[in-house]
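Excluded from the calculations below are hydrogen atoms, water molecules and symmetry mates; all remaining heavy atoms, backbone and side chain alike, are included.
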Amino acid sequence: MRKHIKQPILLNYLGPEDRWRALGVAIVKQAVVDWQESKLLLASPVTSSKAASDQKRSAEHFLSSSLCEFYSGLDGKTIMRKLKEKKL
């Protein structure tokens, strides 16, 4: 009698291209989180620091660059504009 070996269900399988795209989107999401976090820190005189300013500047630079679109297919300049307009 043969044992039946359960195979994992591959519902969440992503092909190689999709995995790279998911990674790129995660990088862009982290840049958005970094920008929002640094913006909050800079708004408070108690927590305002050079590190927060550098983090904000770095996120803005990344989102405004062609790397953002290269990594994720998302338009970083539009993301940056919506962040500044508080629509994101």
Side-chain angles (χ1 to χ4, degrees):
M1 188 170 159
R2 262 176 40 177
K3 281 187 174 181
H4 179 68
I5 299 172
K6 285 188 177 182
Q7 296 292 326
I9 298 174
L10 300 176
L11 295 176
N12 294 328
Y13 175 74
L14 297 173
E17 295 84 17
D18 290 335
R19 288 181 184 198
W20 285 113
R21 177 67 50 121
L23 176 62
V25 169
I27 291 169
V28 172
K29 282 182 180 179
Q30 187 60 51
V32 168
V33 168
D34 290 348
W35 187 87
Q36 290 172 327
E37 181 183 86
S38 61
K39 182 93 168 149
L40 287 173
L41 289 172
L42 291 170
S44 170
V46 176
T47 59
S48 184
S49 70
K50 182 177 178 343
S53 179
D54 290 345
Q55 180 176 332
K56 182 174 178 268
R57 192 175 312 112
S58 176
E60 286 176 348
H61 177 73
F62 173 75
L63 290 169
S64 298
S65 74
S66 59
L67 281 176
C68 180
E69 189 167 354
F70 174 77
Y71 283 141
S72 65
L74 302 171
D75 180 21
K77 291 179 183 176
T78 301
I79 293 170
M80 196 69 246
R81 181 177 42 80
K82 287 186 177 194
L83 281 170
K84 288 181 178 179
E85 294 172 354
K86 298 180 183 179
K87 293 183 179 178
L88 190 67

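- Residues Q30 and I27 fail the side-chain proximity criterion, which asks for heavy atoms closer than 4.5 Å.
- The existence of a salt bridge linking R21 and D18 is excluded, since no basic side-chain nitrogen approaches an acidic carboxylate oxygen closer than 4.0 Å.
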Can you give the donor-acceptor pairs under 3.5 Å from side chains of residues 64-78 to other protein atoms, not counting sequence neighbours?
unit_1 : atom_1 : unit_2 : atom_2 : d
S64    : OG     : E60    : O      : 2.9
S65    : OG     : F62    : O      : 2.7
S65    : OG     : L67    : N      : 3.3
S72    : OG     : C68    : O      : 2.8
S72    : OG     : L74    : N      : 3.1
D75    : OD1    : K77    : N      : 3.4
D75    : OD2    : T78    : OG1    : 2.4

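- Hydrophobic clustering (ILVMFWY, side-chain heavy atoms < 4.5 Å, transitive): L63 and V33 are in distinct clusters.
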Output a table of donor-acceptor pairs, distance under 3.5 Å, between side-chain atoms of residues 38-46 and any protein atom two or more places apart or on a different chain; print 'none' if there are none.
unit_1 : atom_1 : unit_2 : atom_2 : d
S38    : OG     : D34    : O      : 3.0
S38    : OG     : W35    : O      : 2.9
S44    : OG     : V46    : N      : 3.4

Can you list, pair by pair, the side-chain donor-acceptor contacts under 3.5 Å of residues 81-88, counting residues two or more places apart and other chains?
none

